[in-house]
Protein chains: 4
Amino acid sequence: MKFDAQSAAEPDVKRRGRQRSAEAFSAILSATCQLLEKKCLRDVTAEAIAQRSGVSKATIYKWWPNKNFVALDAFLMRMTRDVPTPDTGSAQKDFTEQLKSLVHFYVSPAGKLYCQFIAECQSNPAFLGVFRERFLQSRRNDVRVMWQRGIARGEIRSDVDGEIVLDLIYGPIIFRLLAGHGVLSDQQAEAIVEAVFRGIKA
Amino acid sequence: MKFDAQSAAEPDVKRRGRQRSAEAFSAILSATCQLLEKKCLRDVTAEAIAQRSGVSKATIYKWWPNKNFVALDAFLMRMTRDVPTPDTGSAQKDFTEQLKSLVHFYVSPAGKLYCQFIAECQSNPAFLGVFRERFLQSRRNDVRVMWQRGIARGEIRSDVDGEIVLDLIYGPIIFRLLAGHGVLSDQQAEAIVEAVFRGIKA
Amino acid sequence: MKFDAQSAAEPDVKRRGRQRSAEAFSAILSATCQLLEKKCLRDVTAEAIAQRSGVSKATIYKWWPNKNFVALDAFLMRMTRDVPTPDTGSAQKDFTEQLKSLVHFYVSPAGKLYCQFIAECQSNPAFLGVFRERFLQSRRNDVRVMWQRGIARGEIRSDVDGEIVLDLIYGPIIFRLLAGHGVLSDQQAEAIVEAVFRGIKA
Amino acid sequence: MKFDAQSAAEPDVKRRGRQRSAEAFSAILSATCQLLEKKCLRDVTAEAIAQRSGVSKATIYKWWPNKNFVALDAFLMRMTRDVPTPDTGSAQKDFTEQLKSLVHFYVSPAGKLYCQFIAECQSNPAFLGVFRERFLQSRRNDVRVMWQRGIARGEIRSDVDGEIVLDLIYGPIIFRLLAGHGVLSDQQAEAIVEAVFRGIKA
DNA sequence: CAATAATCGAGACGGTACGTCTTGTCTTGGC
DNA sequence: GCCAAGACAAGACGTACCGTCTCGATTATTG
């Protein structure tokens, strides 16, 4: 599946016929971004995207199955590397730094959008599949590197399942973000990483 | 706010006119349950609930703000205490047991529904408020007891923020449940609790 | 089949529930009439009718299969007896009078609409059925009376198929109306009836 | 106006550049014919014609204003002279013969198409113009000859407007065809001509 | 033989109407 | 006074077709 930037960026295979309009493509995405800043995903309509971008609805539906996937692409496009993968020489520090910037990201409007994608996934298996593939996995790959470095340097026990650790670190943040109980701040980020690293046993 | 069992159970204050029909009330909830077994929350319509329960839509809207709250009540009604709060004498064991039964719950259809409530919360602040109050908090209170016992018995470091530990334990499960990456099993539950207790530091 | 005035006027069988809104009903029809005065049937959209009448599209589609049937009802409603069935004592005079008033009707905007109904019939069997039943037949019944009177008075040969005579008289008018060749005037009407009565044989 | 066979047959004025493709031309017309055998004019789309003929939509729109005119040309191409202009020595016989063969034509699929052209005319003045010029008039000219012969031979009263007689004979048939009330058969054709010639007066 | 033109295929595009759907409100008559 | 039945306004949905357009490829005529 691929309804997106890639297929537009699909390179030099010049097909016959009129070429896909890059203007339309980016107009759609940027209109979507603008709208998502004001309303939540569910309240942004395909019609509004079409109108604001000066594009016809048919063009949208030609390239994306529906507005959710448009929003996903818009999100990916805008997600300029706000959340870098640091390399400080210490795994705990790396994770702390990364989690801090992640918290900043999540607290931003983009973070709200992220939540709404997860919400959409709950009643939309197709979207879930794409979201997982295009989003979670790529991000997870980045983080896995930090993890491996920590093991290589002997900072992290090697008998712990890496996947679990990743969820251990990111799960709490996302949970708080979604359920809205509990604060999200640098301090929390530090406390989480520290707890995970040291353990809570007396 | 109160759209629910309570207001039905509201006692003997005999109002003038025809009394509220207990049949209608429970018919609505049980119809909702049946429908939710087949379709996801978003796809269950208020109309379908009305039709299946032999109740008019007006009656539904009279007692609940909308179908989501109906579903919430239906969920509460059905939610037999699948997730007990164990007391084995060891905090780690308590948490492990509890997390295991929680995993079973989440994996069940009811768990899926739980996810959909969280999804609904993302674009519905009113629902978020009620959900948090009626759900998360009551459950959290239960667990906090286990936590306190652990501290009292000296099994858990007292310098860790309790709220964070709770999210540390439940967050990963919920994250996996929502995003669908990674498995959910007894084994995972054990691994999570063990990692949290021992820490991951070498 | 019956999507129309009748079913609204359907009398005293007071059904439970909210009654059909007479305002909505007549607002739809009158809005349709107004629109049809400006645009041709094909260019009048269901959306425009809804907007102009202050009624929702759903209400329109609830009572009529589509805008064509709305227009048909609107047409019937407005078709105040512009074309009376005269009784002068002479069949030829009766037909001449009737054909004259028919020509006036056809030349009016309503006549144009009539053509568009016939046009619609050519690619819409369902509409054809209703149009024939609700329109042609009722009108034909009126005219048949004049015909019978003529026979009874001995003015008309009784060995001619009555149905053919009716078509002989109205067919030419309608043909001219549809194809737009040839004029439509009182004079033509007289000439037609005279030719039909006298025959063209030398 | 000229969107058609003629302009293709347009002779030797060799223009610069690539010549118009005769294959494309006839492929379009024959694809149109095939489609019109299955669906009615309104339901045959320009896209379908393009696809079936292996021609691009642009090519169609280059040579015809729209699909209706394509169909018109397709119709003309196929319209083998099914309706000859007989010359039996008697005007009434001539008309009877001619009307019989006309009835056969109208009842055929081609006749149905003819109706749909008339339908299209009702909301398309441009098409009406072309249709009248290319169709009605040429046919009418043929018939006028029969009429003149009848007058010359003294079989027909000369004080009757010829145009009216033509409509008197063809109008009823077309009316029945369009409105679908009443049968169309040889018998009817005979009865019509007879009635027109003898008159209906007792 | 190149330059110049016109045509063709493929197919993207803006526009616009369609008919369906769901929501939450309102109205009526029956119990 | 509560209920069922159900009509209603609002408005998004995704689909379909229209006629226009932009490409690159293909022919021919002309210089």
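Just so we're on the same page: letters track the sequence lines, and every chain starts at 1.
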Rounded distance (Å) that lies between atom P of E:dT23 and atom CZ of B:R42: 11 Å
Stretch residues 45-55 of chain D: residues that reach within less than 4.0 Å of DNA chain E through a heavy atom: D:G54, D:V55
Pi-cation contact, A:W64 with A:R134 (under 6.0 Å, within 45°): no
Listed partners of A:F127 passing ring-ring contact (aromatic ring centres under 6.0 Å, His included), at least two apart: A:F69, A:F117
Donor-acceptor pair present, A:R18 side chain and E:dC13 base, under 3.5 Å: no
Rounded interatomic separation in angstrom, taking CD from A:Q19 and C1' from F:dC21: 13 Å
Sugar-phosphate, base or nothing in reach of B:K67, heavy atoms under 4.0 Å: sugar-phosphate
Spacing of B:F69 atom CZ relative to E:dT23 atom P, expressed in whole Å: 14 Å
Side-chain N or O of B:W63 closer than 4.0 Å to phosphate OP1/OP2 of F:dC3: yes
All pairs passing salt bridge (Lys or Arg N to Asp or Glu O under 4.0 Å) where residues 54-68 of chain B contributes a residue, at least two apart: B:E47-B:K57
Spacing of CG belonging to A:L41 relative to OG belonging to B:S123, to within rounding of 0.5 Å: 8.0 Å
5' precedence on DNA chain E between C:V44 and B:Y61 (nearest-nucleotide basis): C:V44
Phosphate-side-chain proximity, C:T59 and F:dA9, N/O vs OP1/OP2 below 4.0 Å: yes
For the student: nearest non-hydrogen atoms of A:Q116 and B:Q122, plus distance: NE2-O, 3.4 Å
For atom CH2 of B:W64 and atom P of E:dT23, their distance in whole Å: 16 Å
Ring-ring centroid check D:F131 D:Y114, cutoff 6.0 Å: yes
Euclidean distance, atom CG of residue D:D43 to atom P of F:dA16 [Å, nearest integer]: 14 Å
With C:K112 via salt bridge (charged side-chain N to carboxylate O under 4.0 Å, His left out) - residues at least two apart: none
Nucleotide of E:dT22, F:dC8, E:dG19 approaching C:A58 most closely (side-chain heavy atoms): E:dT22
Position toward the 5' end of DNA chain E (nearest nucleotide), D:K57 or C:N66: D:K57
Spacing between B:E120 atom CD and E:dT22 atom P, to the nearest angstrom: 16 Å
Tabulate below the donor-acceptor pairs under 3.5 Å that side-chain atoms of residues 27-36 of chain C make, not counting sequence neighbours, or state none.
{"residue": "C:T32", "atom": "OG1", "partner": "C:I28", "partner atom": "O", "Å": "2.6"}
{"residue": "C:Q34", "atom": "OE1", "partner": "C:R52", "partner atom": "NE", "Å": "2.9"}
{"residue": "C:Q34", "atom": "OE1", "partner": "C:R52", "partner atom": "NH2", "Å": "3.1"}

Proximity to DNA chain F (any heavy atom under 4.0 Å), residues of residues 27-35 of chain B only: none
Between CD on residue B:E133 and CG on residue B:L128, distance to nearest 0.5 Å: 11.0 Å
Rounded distance in Å - CD (C:E23) to P (E:dT27): 11 Å
A:C40 side, atom SG; A:L113 side, atom CG - distance, nearest 0.5 Å: 9.5 Å
d(NZ, B:K62; P, F:dC3) in whole Å: 6 Å
